[in-house]
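Residue numbering restarts at 1 for every chain, and letters A, B, ... go by the order of the sequence lines. Scope of the values below: all heavy atoms of this structure, side chains included, with no hydrogens, waters or symmetry mates.
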Amino acid sequence: MSTTTTTNLPHHLKPKDISTESTSASKLSQKTILNLLNTKCNTSLQCLKLAHCITLRTGHFQDHYVAGTLVKCYANPHFNNFGFALKVFDYVLNPNVFVWNIVIRGCLENNEPSKAISLYHVMVAANSRPNKFTYPPLFKACTITHAIEEGLQFHAHVVKHGLSRDGHIKSAGIQMYASFGRVREARRMLDGEGDSDIICWNAMVDGYLKCGDVEAAKKLFECMPDKNIGSWNAMISGFAKCGMNEEARKLFNEMDKRDEISWSAIIDGYIKGGYYKEALEVFNEMQREDIRPRKFILSSVLAACANVGALDQGRWIHAYVKRNSMRMDAILGTALVDLYAKCGRLDMAWDVFEKMTEKEVYTWNAMIGGLAMHGRAEDAIGLFSKMQREKLKPNEITFVGVLNACAHSGMVDEGLAILDSMKNVYGIEPEMEHYGCVVDLLGRAGLLEEAEELISSMPMEPNAAVLGALMGACRIHGHVELGERVGKVLLELEPKNSGRYALLSNIYAKAGRWDDVEKVRRLMKERGIKTTAGSSMIDVGGIVHGFKMADSSHPQKKEIYLMLDRIFERLHMEGYSPKTSQVLFDIKEEEKETALRYHSEKLAIAFGLLSTAPGTAIRIVNNLRVCDDCHSATKLISEVYNREIIVRDRVRYHHFKNGKCSCKDYW
DNA sequence: ATAGGGTTAG
């Protein structure tokens, strides 16, 4: 029975060629061949092909045990050629359960869960009776593809075949039901007949937590007949994922033996909650306990470094990876690419990217996104084309990167063409995020009407992010009426988001409508909304220094403020005039200037100029977008002090050099 | 008979 598109196998690998031949090889026993397949053939494709030839020559190919093992070897994800495994499978006559199970599992291991499901139907149609090994991968496939109907059907088959007692099936089933949000069905499986063991309990604990039922998880954890380290870890990572970092930490402290997963879960919880500094502290704590970090933790920590701009610590990890000859797998490599890109070192990001041998879509996405963030739209699009030349399928994240690149450099036609091609060429339905990028693109370019039209043509109701993009464009182009209209909707849609209030009052302030600015301020007060304070971080000698507006907490505050005054003296001589329209209060002009002068970004720059050698680049990470005034001041500083200043804001990078910015004042 | 399960990463 043919199950795949059958292109023929190479001549020498076809059964019919030599199955009748009798050579000395035929004396090889089944056992010897299996031994060969199970040892050498898992790493060497050459050995595998040789073994394949031998099975054909000796007539062992139609032995299901041999054929199954052979297919399993070909299906090893390491070879990245599952298509070939399927072709070989096609030549197995009347495969038995063993062979079917191998190929179904192979689908899963090669990221083809839907294929696993469809092959199961072929298997049943071919009258092969599934056994207990058949179902776990199928449940997993349903979990991944969210195939609820099929999952229920598989469960029914499990019952029909009398396999419900099996622990492997139970744990996979529990996970599946939990992923559907059906904890009660999961629990019923756990409590049903047969042997539920630690792994099933752990899966259930995890399931409860993934569904947000913390109490049920706690209760089960308490009354489990037996626990292992995995049970604790499931609780900790579950707490961490629910944002309950303190609870997680409490359990973590109670453990008598922690493994890498325990540490990793804690660190990850902090990262997910945006507590990057805390994450880095835990990492240091771990090292003080002499635990040698491995790639799992390292890639998490790299994400934390990337987010706070801790370039030096990130580089240390990179060096650590090299020093310990750790394999640069796709995840670790991607984390490094992301780190360097987010820390403003595109050169190093590119270096890692180029040397990586195991790139995945994520890796390309990180590099494309990095280029986009730096305003290098042509390069981002170039890389996108290269990705296709290398026959890698872009995913929806790839398009977010590419469209962002267009938005950051005003490439309207290209952006629209790409949005169009998503569906027509790549078969990927544009989602809200993609529309958001294009609304941003059109809006920034001043095409407000087109942006509005796009929004009304979207197949879904615009969310806050999309409207926010439109409103941002209104601010840039001084479109008060539209901005006001959108702003009102947005304030109801997201009454807790302080950024929206700031944007609206900014639009009013720019138009000099101070009464309305005041109204917004009062509304915020009524609703108890606090503005997100702007903060800037700068990494000097491996230590990240953070500044807030008018900050006086830094030990060197005196020097910093003195430096700032000196800087502004020089800037004024160069013709700098403060962009007081940035200030959201109707105060006197001089006061406005003072308010601008102590923006966190300027404090960080002053500190950077003080504490780094002349000529070295200054790298700053802002939590918000750069303001107009900081932008023009920084341009001038880069010229007057002859320094390259690299500023990362909430969405993109600005490379200031010789009085100019890489964003070409378009951001 | 042969094969297999949970908690950690971009």
Side-chain angles (χ1 to χ4, degrees), chain A residues 30-31 34 37-38 63-69 71-72 75 96-106 108-109 131-140 166-176 178 190 195-207 209-210 217 221 227-241 248 258-269 271-272 293-304 306 328-339 341-342 352 356 358-367 369-370 397:
Chain A
Q30 182 211 41
K31 211 176 141 190
L34 286 172
L37 284 169
N38 283 321
D63 174 335
H64 286 142
Y65 191 9
V66 171
T69 312
V71 172
K72 187 174 155 226
N96 69 355
V97 209
F98 175 67
V99 185
W100 278 110
N101 289 350
I102 294 252
V103 77
I104 287 176
R105 174 166 301 279
L108 221 79
E109 283 168 355
N131 64 13
K132 62 176 182 171
F133 291 99
T134 315
Y135 292 101
L138 288 169
F139 280 151
K140 226 174 173 173
D166 184 77
H168 292 82
I169 292 183
K170 279 191 174 193
S171 62
I174 290 168
Q175 280 176 76
M176 178 185 76
L190 181 79
D195 350 286
S196 288
D197 55 15
I198 295 197
I199 293 184
C200 296
W201 299 322
N202 291 355
M204 194 64 233
V205 165
D206 180 58
L209 287 162
K210 283 203 173 114
F221 181 71
K227 292 187 188 75
N228 63 9
I229 197 161
S231 325
W232 289 81
N233 288 343
M235 286 299 286
I236 293 173
S237 78
F239 279 143
K241 280 193 189 110
R258 300 157 188 151
D259 63 5
E260 197 185 346
I261 296 179
S262 331
W263 286 96
S264 203
I266 290 283
I267 291 181
D268 230 53
I271 292 179
K272 295 231 160 71
R294 289 184 311 167
K295 58 181 179 183
F296 272 96
I297 299 253
L298 293 180
S299 39
S300 285
V301 175
L302 283 171
M328 181 69 70
D329 66 15
I331 295 182
L332 199 51
T334 305
L336 277 168
V337 169
D338 193 48
L339 166 87
K342 286 215 173 97
V352 174
M356 279 176 68
E358 299 176 36
K359 297 189 192 78
E360 283 174 13
V361 194
Y362 281 103
T363 321
W364 290 81
N365 292 351
M367 195 65 230
I397 311 286

Checklist entry - Checking all strands, does A:Thr69 fall into the base, sugar-phosphate, or nothing category for heavy-atom contacts under 4.0 angstrom? => result nothing
Checklist outcome for this item: Picking from B:dG5, B:dA9, B:dT7, the nucleotide nearest the side-chain atoms of A:Phe296 would be B:dA9
Checklist entry - Is a donor-acceptor contact shorter than 3.5 angstrom present between the side chain of A:Asp197 and the base of B:dG5? => result yes
Checklist outcome for this item: Considering only heavy side-chain atoms of A:Phe98, the closest of B:dA3, B:dG4, B:dG6 is B:dA3
Next on the checklist: Taking any heavy-atom pair under 4.0 Å as a contact, classify A:Thr363: base, sugar-phosphate, or nothing.
Outcome noted: base
Checklist entry - If you check every side-chain atom of A:Ser299, which of B:dT7, B:dA9, B:dG4 has the closest atom? => result B:dA9
Next on the checklist: Using a heavy-atom cut-off of 4.0 Å across all strands, would you classify A:Lys241 as base, sugar-phosphate, or nothing?
Outcome noted: sugar-phosphate
Checklist entry - Donor-acceptor pair under 3.5 Å: do we get one between A:Asn101's side chain and the base of B:dG4? => result no
Next on the checklist: Heavy atoms only, 4.0 Å cut-off, all strands: where does A:Asp166 land among base, sugar-phosphate and nothing?
Outcome noted: base
Next on the checklist: Closest approach to the side chain of A:Ser237, judged atom by atom: which nucleotide of B:dT2, B:dT7, B:dG10 is it?
Outcome noted: B:dT7
Checklist entry - What nucleic acid atoms does A:Asp63 come within less than 4.0 Å of, heavy atoms only: base, sugar-phosphate, or nothing? => result nothing
Checklist entry - NA contact type, A:Lys359, heavy-atom cut-off 4.0 Å: base, sugar-phosphate, or nothing? => result nothing
Checklist entry - From the list B:dT7, B:dG10, B:dG4, which nucleotide is the closest neighbour of the side chain of A:Lys72? => result B:dG4
Next on the checklist: If you only use heavy atoms from C-beta on, which nucleotide in B:dA1, B:dG6, B:dG5 is closest to the side chain of A:His168?
Outcome noted: B:dG5
Item to check | Any residue meeting side-chain hydrogen bond (donor to acceptor under 3.5 Å, both in side chains) with A:Asp197, in chain and number order, not counting sequence neighbours | outcome: none
Item to check | A:Thr334 side-chain proximity, nearest of B:dT2, B:dG10, B:dA3 | outcome: B:dG10
Checklist entry - Between A:Asn202 and A:Asn233, does a side-chain hydrogen bond (donor to acceptor under 3.5 Å, both in side chains) hold up when you go through it step by step? => result CA-CA 9 Å; A:Asn202 291 355; A:Asn233 288 343; over 6 Å; no
Checklist outcome for this item: Side-chain atoms of A:Gln175 come closest, of B:dG10, B:dT8, B:dG5, to B:dG5
Checklist entry - Can you find a donor-acceptor N/O pair under 3.5 angstrom joining the side chain of A:Asn233 to the base of B:dG6? => result no
Checklist outcome for this item: Winner on side-chain proximity to A:Asn131, out of B:dT8, B:dG10, B:dA3, is B:dA3
Checklist entry - Looking at the side chain of A:Ile261, which of B:dG10, B:dG6, B:dT7 is the nearest nucleotide? => result B:dT7
Checklist entry - Does any N or O donor sit under 3.5 Å from an N or O acceptor when you compare the side chain of A:Lys132 with the base of B:dG4? => result yes
Checklist entry - Does the side chain of A:Lys210 get closer than 4.0 angstrom to OP1 or OP2 of B:dG6 through an N or O atom? => result no
Checklist entry - Quick one: the side chain of A:Glu360 and the base of B:dG10, do they pair up donor-acceptor inside 3.5 Å? => result yes
